[in-house]
Amino acid sequence: MAALGAPGTSIQLDRPRDTSHGDLATNVALQLAKPLKRPPRELAETIIAHLEAPQGLVTRTEIAGPGFINFWLADAAVVEVLRDILAAGDSWGSSATGRGRRVNVEFVSANPTGPLHVGHGRGAALGDAIAALLEATGHDVVREFYVNDAGLQIERLAASLWARVQQAAGREAEIPEGGYHGAYLEQLARQLLEQEPTIAELPESEGLDRCRDAAVRTQREEQNRDLADFGVEFDVVYSESEVYRQDLLAETLAELDGRGLTYEQDGALWLKTSEYGDTKDRVLRKRDGSYTYFLPDIAYHRTKAQRGFDLAIDVWGADHHGYVPRMQAAMVALGQSPDFFHAVIVQLVRVMRHGAEVRFSKRSGDFVTLRDLYEETGVDAVRYFFLMRRGDSQFLFDIDLATKQSEENPVYYVQYAHTRMAGIFRTAGLEAAAISAEGADLSLLTEEIEQDLIKRLAGFPALVEKAAEAMEPHRIIAYLEEVSRLVNNWYHHHRVLGVGADLERARLVLARATQIVLASGLTLLGVTAPERM
RNA sequence: GCGCCCGUAGCUCAGGUGGAUAGAGCAUCGGCCUUCUAAGCCGAGGGUCCCAGGUUCGAGUCCUGGCGGGCGCACCA
């Protein structure tokens, strides 16, 4: 660069989309053309003339198009990565870029007022995969579920159940305004009455307490079962009632006040969120003296910092996206860095069944639950489907299609590629984990498809880092499908077993490396990597 | 009215943070099973990347303005 009169220029090497443009390419000549006032192709020639590449690494360079410089790597150099993959095994793809960073990933956090629906499922799949990606990049991750077990909704739930208990005892009672009509409360009421026949005689306030506890507990248990069967487990379940129990509201209020960020107006207490990017200030304490739901939420997120997390990620449904700026503002107001709080928005899932959109409403008691969905189509398929698309893209889950065509589901395509590798080892009587690259002559892997496949496998760790950084698990899916396409093609055209001892040995290494990458990728997504199908 | 997200093949969607001829799956059409699983492979057709300007050597990607869709705009949770 110095020879060109542009010392200190950083050269960025990219992997071209089109393999006919080489293994690596740089556009540096195009970028320098203007400041140096020289034609880009001429610059490219000068650059190549001054290039000092390690012996035997680059086999060919080319100036292409308007001035791209393309490089081809020697096959023998490409192939060496297979030894690293086999040596690393399951940890291939992991890195330490996030070491020392404590991350709290909060997701699902469904109100304990009913079973989980498909929208929660998308949040569960996404949150769990983001957590897995962060773990793979060395972060110290806690998966957290926040329970809104206090507040108006819960009071309505308790009142609804209490009414059901009264009805079950043969008394007149009505579900209150805005209450819950689902059949599960009738069932629970009968259950409570069976366990304790006199429960309906209790004074109302005591009855409501009992109903609240029973409803929240049974709903939480059911949600946990639904999630566990979906393959999602939480490290911490944090209750809103805990925020009240520890009197964190007053503490939080005092801290905000101490920073001079609150003021009274119209009899209410406001937080100056507009000073931190929100469109307007928000009320913390209403005119009637009660708190808004915003304050306990701030207090709760404040605990995440107090509990030692460096980063708090919330996976929220799109119906809450308008809430992001004020929470962001509140955290900054409390002295956190602007990137302490990060909301990942997941669009609501629309569900299509029998050609019509299924409307689900908790209060009417008519909805498609997450469990319904995965019992019908399988956990692997549902999780894969939820992660195929970016979280913020709206998408339509057609149950009939997912069920009817389950055999053509893309998840099976990737899993099948994995089982094919397992099948090779099974036929050869080999234990997959025992396959080693030691002493194998990998230079025999000269087929173009083999070289392409190896180059893709080599890119896995970088991809995991990017996907983790962007919190976008769907990138893993796109990658896995590409690797599967390559390996299925390879499998179809080239045999591994019975092609001569040395070549067989080399190809077993490639098959094993591919299996490792496919299994790692699927695991990150929470999808199984079966040995047989 | 204001804000956020989205608009890419018949359908569902990908397209690192601006690069070369815009991709996949499904659907359609045509080939391929005596060989490690055909849940597969090979090939074909299919595109005004919503529209109009702008920035740039280069725009699906960035900026502005429209149009269309979703969601949100409470001292409700």
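First the proteins, then the strands, lettered A, B, ... as listed; each starts at 1. Just so we're clear, the structure is a prediction, and the values are computed from it rather than from any experiment.
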Please give the nucleotide sitting opposite [N] as a Watson-Crick or G-U wobble pair, both distances under 3.5 Å, or none.
N	value
rC32(B)	rG40(B)
rU48(B)	none
rU12(B)	rA24(B)
rG68(B)	rC6(B)
rA74(B)	none
rU56(B)	none

Inset, instruction - Find out whether Gln515(A) and Arg420(A) are in side-chain contact, i.e. whether some heavy atom of one side chain is under 4.5 Å from a heavy atom of the other. - result: no
Does [Y] offer a backbone N or O that forms a donor-acceptor pair with the side chain of [X] under 3.5 Å?
X	Y	value
Thr419(A)	Arg532(A)	no
Asn148(A)	Asn111(A)	no
Arg60(A)	Asn70(A)	no

Among [options], the nucleotide that comes nearest once only the side chain of [X] is considered:
X	options	value
Tyr412(A)	rC36(B), rA39(B), rA14(B)	rA39(B)
Asp319(A)	rG70(B), rG16(B), rG72(B)	rG72(B)
Arg389(A)	rG16(B), rU12(B), rC76(B)	rU12(B)
Asp266(A)	rC4(B), rG40(B), rC75(B)	rC75(B)
Pro410(A)	rC13(B), rG25(B), rG70(B)	rG25(B)
Met533(A)	rG16(B), rA39(B), rG19(B)	rA39(B)
Gln153(A)	rA77(B), rC36(B), rC42(B)	rA77(B)
His321(A)	rG3(B), rG19(B), rA77(B)	rG3(B)

Using the [atom1] atom in both, what is the distance from [N] to [M], to the nearest Å?
N	M	atom1	answer
rC29(B)	rG54(B)	P	45 Å
rA20(B)	rU61(B)	P	13 Å
rG30(B)	rG15(B)	C1'	29 Å
rC11(B)	rC76(B)	P	45 Å
rA27(B)	rC13(B)	C1'	14 Å
rA22(B)	rU48(B)	P	13 Å
rU8(B)	rC49(B)	P	11 Å
rU21(B)	rG58(B)	P	14 Å

Inset, instruction - Check the angle between the aromatic planes of His301(A) and Phe341(A) and answer parallel, tilted or perpendicular using the 30° and 60° thresholds. - result: perpendicular
Legend entry - Face-to-face contact His21(A) to rA20(B) six-ring, under 5.5 Å, under 30°: yes
Legend entry - Aromatic stack Phe68(A)/rA20(B): centroid gap under 5.5 Å, interplanar angle under 30°: yes
To the nearest Å, how far apart are [X] [atom1] and [N] [atom2]?
X	N	atom1	atom2	result
Tyr293(A)	rA74(B)	OH	P	9 Å
Tyr479(A)	rG25(B)	OH	C1'	19 Å
Asn70(A)	rA20(B)	CG	C1'	9 Å
His493(A)	rU35(B)	NE2	P	15 Å
Tyr491(A)	rC33(B)	OH	C1'	12 Å
Tyr146(A)	rA77(B)	OH	P	13 Å
Leu480(A)	rG25(B)	CG	P	15 Å
Met388(A)	rG23(B)	CE	C1'	14 Å

Taking only side-chain nitrogens and oxygens of [X], does any of them come within less than 4.0 Å of OP1 or OP2 of [N]?
X	N	answer
Tyr413(A)	rC41(B)	yes
His474(A)	rG15(B)	yes
Asn111(A)	rA77(B)	no
Arg485(A)	rC41(B)	no
Arg420(A)	rA38(B)	yes
Asn488(A)	rG40(B)	no

RNA chain B-proximal residues of [range], any heavy atom under 4.0 Å:
range	answer
residues 424-437 of chain A	Ile424(A), Arg426(A), Thr427(A)
residues 282-289 of chain A	Val283(A), Lys286(A), Arg287(A)
residues 463-473 of chain A	Lys466(A), Glu469(A)

Inset, instruction - Could you tell me whether the side chain of His320(A) has a donor or acceptor atom within less than 3.5 Å of a complementary atom in the base of rG72(B)? - result: no
Inset, instruction - Examine Tyr479(A) together with Phe460(A) and report whether their ring centres are nearer than 6.0 Å. - result: yes
